[in-house]
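This is a predicted model, so every value here is computed, not measured. Starting from 1, each residue takes its place in the sequence as its number.
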Amino acid sequence: PLPDDKFFQDAGAQFSIVGPQILEDAINAIFPEAFPGKEEFVQFYLRYNGGSRTPQGCIAYCGIAAHRILRNQLDKLNLECFRSISLDAEKRMPPFSNMLGYHTAMARIYAEVPAMKAFLDEHMEIAFDHTGNDLCLNRQRGRIFFMDWSAYKEGPVEVAASFREFVLKFWNIAYVSLH
């Protein structure tokens, strides 16, 4: 069963810009696995294909140290952007963040770190917060994890049991402007 339209309307109201239209085949090419909540994830991306709360898009985030969210402060997480899907990892998508391109870059960076390589094999970075920390979807279980790459040795922290819970908890809410 498809989720209710209010869920998507509330999500749409949070976007200042949305990504370019895509087809379901493109989503399934990157997420071929079946996972709990996949239908809502697919419908969300068919409608919005990522995007940002701000007109500047998904290519920049705040560098102010005082705004940085740590793993023990996740109740303050300020979700900024959903990455957009393109099947070409090399394609630049300004002002959108290419999900596959970003994932490919992170996989190269952490190729020699076994725990992070294993994490990236099972997760995709679908969004980021106001300060650039990633939110990653587990491709088998549909759970969402917070990942601070500057503290990767501490590992990821689960923030939502499903994509829907993640959107309701961190996106379909009033945005707190920190500037």
Side-chain angles (χ1 to χ4, degrees), residues 1-16 18-19 22 24 27-28 30-54 58 61-62 67-85 96-97 99-100 102-103 106 110 115-116 118-178:
L2 291 178
D4 60 287
D5 281 337
K6 182 169 176 14
F7 171 77
F8 293 113
Q9 290 170 352
D10 290 350
Q14 303 299 318
F15 284 102
S16 177
V18 296
I22 55 169
E24 191 167 347
I27 300 167
N28 287 325
I30 294 177
F31 297 92
E33 305 88 348
F35 56 82
K38 182 173 181 178
E39 185 60 35
E40 289 172 319
F41 177 81
V42 168
Q43 291 302 315
F44 184 91
Y45 267 84
L46 286 174
R47 284 172 171 81
Y48 306 115
N49 189 18
S52 175
R53 293 184 188 271
T54 64
C58 298
Y61 53 85
C62 178
H67 292 178
R68 189 129 181 99
I69 297 298
L70 303 175
R71 54 191 295 115
N72 63 348
Q73 303 171 319
L74 296 177
D75 58 321
K76 298 177 184 174
L77 190 136
N78 214 354
L79 187 58
E80 181 69 33
C81 173
F82 282 91
R83 290 195 164 85
S84 298
I85 292 175
F96 306 100
S97 176
M99 184 186 297
L100 190 56
Y102 183 80
H103 182 77
M106 297 308 286
Y110 290 98
M116 290 301 95
F119 177 79
L120 289 165
D121 286 347
E122 295 179 1
H123 296 80
M124 179 66 75
E125 308 86 336
I126 62 168
F128 62 81
D129 77 357
H130 176 74
T131 61
N133 295 313
D134 284 323
L135 289 304
C136 306
L137 172 73
N138 179 286
R139 296 187 216 202
Q140 287 78 36
R141 297 185 342 228
R143 297 179 175 282
I144 309 293
F145 292 84
F146 170 87
M147 187 61 177
D148 177 353
W149 293 106
S150 67
Y152 74 89
K153 290 180 181 178
E154 295 178 42
V157 177
E158 185 173 328
V159 294
S162 69
F163 181 74
R164 180 182 183 89
E165 179 185 317
F166 174 66
V167 171
L168 289 171
K169 188 174 179 181
F170 296 109
W171 186 257
N172 286 12
I173 58 170
Y175 181 67
V176 178
S177 177
L178 298 173

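- A 4.5 Å side-chain heavy-atom check between H130 and R53 finds every atom pair outside the cut-off.
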Derivation and outcome, ring-ring contact (aromatic ring centres under 6.0 Å, His included), residues F31 and F41: CA-CA 10 Å; F31 297 92; F41 177 81; 4.8 Å; yes
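- Side chains of Y45 and I126 form a contact here, defined as non-hydrogen atoms less than 4.5 Å apart.
- Under the 4.5 Å side-chain criterion, counting only non-hydrogen atoms from C-beta, E125 is in contact with W149.
- Summarising the geometry of R47 relative to D5, their closest heavy-atom pair is NH2-OD1, 3.8 Å, with the distance given to 0.1 Å.
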Can M106 and Y152 be said to form a side-chain contact (heavy atoms from CB on, under 4.5 Å), step by step? CA-CA 12 Å; M106 297 308 286; Y152 74 89; over 6 Å; no
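- Side chain of R139 to backbone of P32: no donor-acceptor contact under 3.5 angstrom is found.
- Taking CD of E39 as the reference point, atom CG of L46 lies at 8.5 Å (rounded to 0.5 Å).
- Ring-plane geometry between H123 and F119 is classed as parallel, the angle between the planes falling under 30 degrees on a 0 to 90 degree scale with a further cut at 60.
- Judged purely by atom type and a 3.5 angstrom limit, S84 uses its side chain to pair as donor or acceptor with the backbone of N49.
- Counting heavy atoms from C-beta outward, E122 and F145 have side chains that stay 4.5 Å or more apart.
- Proximity of W171 to D10: side-chain heavy atoms (C-beta onward) are nowhere separated by under 4.5 Å.
- Partners of F146 under the ring pair (Phe, Tyr, Trp, His ring centres under 6.0 Å) rule, at least two apart in sequence or in another chain, do not exist in this structure.
- If you take CZ on R164 and CD1 on I144, they are separated by 13.5 Å, rounding to the nearest 0.5 Å.
- Salt-bridge check for D129 with K76: failed, with every basic side-chain N at 4.0 Å or more from each acidic carboxylate O.
- Within the 4.5 Å cutoff, the side chain of N138 has no heavy atoms near those of the F35 side chain.
- Under the 30°/60° scheme for interplanar angles, the aromatic rings of F82 and F15 are found to be tilted.
- A search for salt bridge (charged side-chain N to carboxylate O under 4.0 Å, His left out) contacts involving R143 returns E158, not counting sequence neighbours.
- Atoms CD1 and CE, from I85 and M99 in turn, are 4.5 Å apart once rounded to the nearest 0.5 Å.
- One finds the CZ atom of F170 at 8.0 Å from the CG atom of L79 (value rounded to the nearest 0.5 Å).
- When all heavy atoms are compared, the tightest approach of A11 to F44 is CB-CE1, 3.7 Å.
- Atom CD of Q14 and atom CD1 of I173 lie 7.5 Å apart (nearest 0.5 Å).
- In this structure, CD on E40 lies 11.5 Å from CD on E165, to the nearest 0.5 angstrom.
- N133 pairs in a side chain to side chain contact (heavy atoms under 4.5 Å, CB included) with only one of the listed residues (L77, D148, L74), which is D148.
- Using a distance-only test at 3.5 Å, with no hydrogens or angles considered, no donor-acceptor pair links the side chain of K38 to the main chain of G142.
- Between F128 and R83 the shortest side-chain heavy-atom distance falls below 4.5 Å.
- Between the side chain of Y110 and the backbone N or O of A115 there is no donor-acceptor pair closer than 3.5 Å.
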